[in-house]
Amino acid sequence: MNKKMLTRKIRKKRVRAKVFGTKTIPRISVSATLKHTTVQLIDDENGVTLCASTDLKIKEKMTKIEKAEKIGTEIAEKAKTLKINKAVFDRGYKLYHGRVKALAEAARKAGLTF
C-alpha cells in the first residue's frame, strides 16, 4: 500500500470514528470519484440505506460541482419525504472542499441540518 492510500485509509477511519447514524438522524455518506458523485442516507444501527442519489442519471451538460449541488438538494428532498430533518455528515477520505462542500451546502440550503 502506497503512502497516498494509507493516508486516505487513516483519514477515513478518523472521520468514521466520530460519525454514527441512526434511523432518526442518519449518516450522509458522500462518495466522489473522478467522474461521478454519490450520496446515501444510512442507518448504521440496522445497516440499512434509507435513500440514495447519484449524478449518473443527470444527462444535462453541467460541471461536476453543479451536479453535486443538484444531488445535494435531491437528497434533502428525499430526506424530507422520510420525515428526516437532521443528519450527520460523513465525507469519507475526501476533504471538505469542491464537490463535497457544494453537496453539503446545497443540502443545508434545501432544509437538512447537520
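All values below come from the heavy atoms of this structure, side chains included, with hydrogens, waters and symmetry mates left out.
Looking at heavy atoms from C-beta onward, Ile84 lies in side-chain contact with Leu50 at the 4.5 angstrom threshold. Inter-residue side-chain proximity for Ser31 and Val39 is flagged as unmet; no heavy-atom pair is nearer than 4.5 Å. With contacts defined as side-chain heavy-atom distances shorter than 4.5 Å, the pair Ile58/Ile71 qualifies. The side-chain heavy atoms of Pro26 and Ile42, taken from C-beta on, include no pair separated by under 4.5 Å. Under the 4.5 Å side-chain criterion, counting only non-hydrogen atoms from C-beta, Arg11 is in contact with Arg91.
Separation of atoms CZ (Arg14) and NZ (Lys18) is listed at 6.5 Å; rounding is to 0.5 Å. Note that NZ of Lys64 is 9.5 Å distant from CG of Asp55, once rounded to the nearest 0.5 Å. Considering CD of Glu69 and CG of Leu103, their distance stands at 9.0 Å, rounded to 0.5 Å. The distance from atom NZ of Lys67 to atom NZ of Lys35, rounded to the nearest 0.5 Å, is 10.5 Å. The distance from atom NZ of Lys101 to atom CD1 of Ile65, rounded to the nearest 0.5 Å, is 10.0 Å. In this structure, the separation between NZ on Lys9 and OG1 on Thr7 is 12.0 Å, given to the nearest 0.5 Å.
Hydrophobic clustering (ILVMFWY, side-chain heavy atoms < 4.5 Å, transitive): Tyr93 and Met5 are in distinct clusters. Leu56 and Ile75 fall into different hydrophobic clusters, where Ile, Leu, Val, Met, Phe, Trp and Tyr residues are linked whenever their side-chain heavy atoms come under 4.5 Å apart, directly or through other members.
In this structure, Ile25 belongs to a hydrophobic cluster whose other members, linked by side-chain heavy atoms under 4.5 Å apart, are Val15, Val19, Val88. Here Leu34 sits alone; no ILVMFWY side chain lies under 4.5 Å from its own, so it joins no hydrophobic cluster.
Under the rule for a side-chain hydrogen bond (donor to acceptor under 3.5 Å, both in side chains), the partners of Arg27 that lie at least two apart in sequence or sit in another chain are Asp44, Asp90. Qualifying side-chain hydrogen bond (donor to acceptor under 3.5 Å, both in side chains) partners for Asn2, counting only residues two or more places apart in sequence or in other chains: none.
Between the side chain of Asn46 and the backbone N or O of Val48, no donor-acceptor pair lies under 3.5 Å.
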Discussion item. Checking Thr63 against Glu66 for the side-chain contact (heavy atoms from CB on, under 4.5 Å) test, could you report, in this order, the C-alpha distance in whole Å, the side-chain angles of both residues, the deciding distance, and whether it holds?
Written reply: CA-CA 5 Å; Thr63 64; Glu66 290 170 342; 3.2 Å; yes
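Sorted by first then second residue, the side chain to side chain donor-acceptor pair (under 3.5 Å) pairs that include residues 70-79, not counting sequence neighbours, are Ser53-Glu74, Lys57-Glu74, Glu60-Lys70.
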Indicate every side-chain donor-acceptor pair of residues 105-114 with a distance under 3.5 Å to a residue at least two apart or in another chain.
unit_1: Arg108; atom_1: NH1; unit_2: Tyr96; atom_2: OH; d: 3.0
unit_1: Thr113; atom_1: OG1; unit_2: Asn85; atom_2: O; d: 3.0

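Nearest approach of Ala52 to Thr49, heavy atoms of both residues: CB-CG2, 4.4 Å. Closest heavy-atom contact between Lys94 and Val100: CB-CG2, 3.9 Å.
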